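For reference, the structure discussed in these notes is given below.
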Amino acid sequence: AYSFGPFAVVLLLTFMFAWIYLPETQGTTPAELQAEMVKKNAGRSYHNMDIEGMTSHAPPSQDEWEQALAMLVQLGDDDSDEEAGV
């Protein structure tokens, strides 16, 4: 019966954090979000990642995802053939 109190406090604090500090992203494209994050974090170094250079990279297209998935499926089929002794 008394375990609800701490849970309610943690839940309230989590909700307040999300409401105050997390940005609203509705109606924003992934490219716009990425550009905003790159601009916000331009002065930081993340294990030798080039943050400024990432603005020119577009997210992968549907064709690129399909090609990568087909390659993974093909690699998986090749591995299963080797395990079966074919």
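Remember, predicted model here, so these are calculated numbers, not experimental data.
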Which donor-acceptor pairs under 3.5 Å do side chains of residues 17-31 form with protein atoms, sequence neighbours excluded?
unit_1 : atom_1 : unit_2 : atom_2 : d
Glu24  : OE2    : Gln26  : N      : 3.1
Thr28  : OG1    : Thr25  : O      : 3.4
Thr29  : OG1    : Glu32  : N      : 3.2

Honestly curious: do Leu11 and Phe4 fall in one hydrophobic cluster under the side-chain, below-4.5 Å linking rule?
yes

Taking atom CE of Met37 and atom CD of Gln34, what is their separation to the nearest 0.5 Å?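 These two atoms lie 10.0 Å from each other.
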
Check your understanding: To the nearest 0.5 Å, how far apart are CD in Glu66 and CE in Met71?
Key ->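 Nearest 0.5 Å value for the CD-CE distance: 13.5 Å.
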
